[in-house]
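When reading the values below, keep in mind they use all heavy atoms of this one structure, side chains included, and skip hydrogens, waters and symmetry mates. Computed from a predicted structure; not experimentally measured. By convention in this document, chain letters (A, B, ...) are assigned in the order of the sequence lines, proteins followed by strands, and residues within each chain are numbered from 1.
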Protein chains: 2
Amino acid sequence: MTASNDQNAALRIASGRKPFVEPLRLGERLKEIRLAQHWTLDDVSQRTGLARSTLSKIENDQISPTFSAVQKLITGLGIDLPQLLAPPKPQSATSGRRDLTRAGDGQRHPTPTYEHELLSWQLAQKRMIPFKTIVRARQFEEFTEWVRHDGEEFLIVLDGDIMLYTEFYEPLTLHHGDSIYFDSEMGHALVSVSEEDAVVLSVCTRGDSP
Amino acid sequence: MTASNDQNAALRIASGRKPFVEPLRLGERLKEIRLAQHWTLDDVSQRTGLARSTLSKIENDQISPTFSAVQKLITGLGIDLPQLLAPPKPQSATSGRRDLTRAGDGQRHPTPTYEHELLSWQLAQKRMIPFKTIVRARQFEEFTEWVRHDGEEFLIVLDGDIMLYTEFYEPLTLHHGDSIYFDSEMGHALVSVSEEDAVVLSVCTRGDSP
DNA sequence: ATGATACGTTCACTATAAGAAACATATTTT
DNA sequence: AAAATATGTTTCTTATAGTGAACGTATCAT
C-alpha cells in the first residue's frame, strides 16, 4: 500500500462532489428513452447492433452491460452518457432557485492584495462563482506566487484601471468596461494602476466537469 | 420500425452536443488516475474490489469492463464518471487560452426587447457565456413568452434600474450593483424602470453536464 | 373465431469479462 | 550478490454478458 486511506478521503473531499453512485437505474432509464421515442426493442436493436434479447435483459436489470455495449447504446440512440445516466430527472421540473445579493451585501474576504466580495454565496450547488473584487495590490511584486485554480474565469473592469499579469502573456492594461475570459489554471494576478483602487467583477467556473 | 431515422437525426441535433463517441481511452485514463495518486494495481484492487489482473487488462484495453466494474472503479477511486471518461486532458497542460474584449467591442445581437453584446465570443469552447445587455423593454407585456434556457445565469445591474420578472417569484426591482443568480430554465424577463435604458451584465452556463 | 403479425421474455449456447494463481521483472533488503 | 519483496503481465478457470431461436401474449386482419 503506497497511499493511505486518508489520502483517498482527501481526494473525495477535494472532488467537491458526492462520490456516491446511486442505484443507477440504467435499465429503467433506457426503457424510458426507448418508449419516449416509441421505439420497439427491434428498432433499438437495429440502431445499436445489440440483440433484442440483450436489450430486454438490460432493461430489466438482469445483466450489467459491458462498457462497449453502453457505447453502442449511446451512439445508436444518439444520446450521450450523462443523458443515459441521468436519473429520471427529479429536479428539472422544479429548478427555480435564485439568490439575490443587493449591492454591497456580498460576503467579504479580505486579503493583502485583493478584497473579495462573494456575490451569490447563499446558493450552494451552483456552477459559477461570481464575486466583486477591489484590487488593493499596486505592484506585481506584492504577489509571492501566481493565483491559479481549476476552470475558467471571466473578468470585467467596473471601476478604475488594472494591469493583468498572466503566466503566458505580456501584461495587459484593462480599463473600465474591458473584459477578458481565460483559463484560470494559467497563473494570473491583478494590480490597480488608476488613482483609485480598481474594482472588477469576476465569474469563475466550478472545477468539475470537462 | 415505428419511428423514422429523421426522428433520430432530430434527436441528435436537439441534444446539442456532438454525439460522437471518442475512442474512449478508458484504460489509459484509468492508468493516469492511478499513477497520479501513486497507487499500485494492488491498491486499486483493494479499493475497488476488482482483481489485480482485471485492472491490468482494463488498463491495457484487453477487455471492455462491465458497467458494474466501472461503478466499482468510480466508487473505489472516489471519482465520478465524467472524470473517468474525460479524455487524457489534452488541454490541461497547455490551457492558457484567453479572449480580450475591449469596452464596446463585443458582438451585437439586437432584438426588440434586448440589445445583447456578446463579450468573449472569439473563444469557442468555453463553459460560460458572458454578455452585456441594454434592456430596451419598458413593459412586461412586450414579451410574448418567457425567456428560458438550460443552465444557470448570473446577472448584475451595471446602469439604471430593472424589474426582473420570473416564473415562480414576484417581480423584483434591481438597482445599480444588485446581482442575482438563478436557474435559467425558469422563465425570466427584464424591463427597464429607470429614466435611461438599464444595462446589465449576464453570465450563463453552457448547457452540458448535470 | 382463426390465422397472421408484432413485441417482449425466456431458453440454450457462445463469447467474453472477472478472478486466482503462476510468471516475469524490477526494486529493496540483508 | 543472493534472497526477499513488490509490481505488472499472462495463463487458466469460472462466472456472466451477448446472441439467435423458441415461446407467450397481445393486437390486427379476414
**Atom pair distance, as rounded to whole Å: CG in Asp61(A) and C1' in dT9(C)** = 15 Å
**Request:** Please determine if Arg97(A) and Glu152(B) form a salt bridge, counting it only when a charged side-chain N lies under 4.0 Å from a carboxylate O.
**Result:** yes
**Asked** Within this structure, what is the CG-to-C1' distance between Leu30(B) and dG8(D), rounded to whole angstrom?
**Response** 13 Å
**Message:** Centre-to-centre under 6.0 Å for Phe131(B) and Phe154(A), is that the case here?
**Reply:** no
**Message:** I'd like to check Tyr169(B) versus Leu164(B) (side-chain heavy atoms, cut-off strictly below 4.5 Å). Are they in contact?
**Reply:** no
**Asked** Can you give one letter per nucleotide of nucleotides 18-28 of chain D, 5' to 3': B if a protein heavy atom sits under 4.0 Å from the base, S if only from the sugar-phosphate, - if neither?
**Response** BBB-B------
**Message:** Assess, by modelled atom type and distance only, whether the side chains of Thr166(A) and His188(A) contain a donor and an acceptor separated by less than 3.5 Å.
**Reply:** no
**Message:** Run Leu190(A) and Tyr114(A) through side chain to side chain contact (heavy atoms under 4.5 Å, CB included) and show every step you take.
**Reply:** CA-CA 9 Å; Leu190(A) 297 179; Tyr114(A) 296 135; 3.5 Å; yes
**Item:** Asp42(A) CG to dT5(C) P, straight-line distance once rounded to whole Å
**Value:** 15 Å
**Message:** With a 4.0 Å limit, can you tell me whether Gln62(B) has a side-chain N or O closer than that to the phosphate oxygens OP1/OP2 of dT16(C)?
**Reply:** no
**Asked** CD of Gln46(B) versus C1' of dG19(C): gap in Å, rounded?
**Response** 16 Å
**Complete:** Here the distance between atom P of dA20(C) and atom CG of Leu41(B), to the nearest Å, is 15 Å
**Item:** Side-chain N or O of Arg34(A) closer than 4.0 Å to phosphate OP1/OP2 of dC7(C)
**Value:** no
**Interatomic distance, Asn60(A) CG vs dG8(C) C1' [rounded to whole Å]** = 9 Å
**Request:** Mind calculating the distance between CG (Leu55(A)) and P (dG8(C)) to the nearest angstrom?
**Result:** 10 Å
**Prompt:** Has Ser56(B) got a side-chain N or O lying under 4.0 Å from the OP1 or OP2 atom of dT9(D)?
**Reply:** yes
**Asked** Can Glu28(A) and Lys31(A) be counted as an ion pair, charged N to O under 4.0 angstrom?
**Response** no
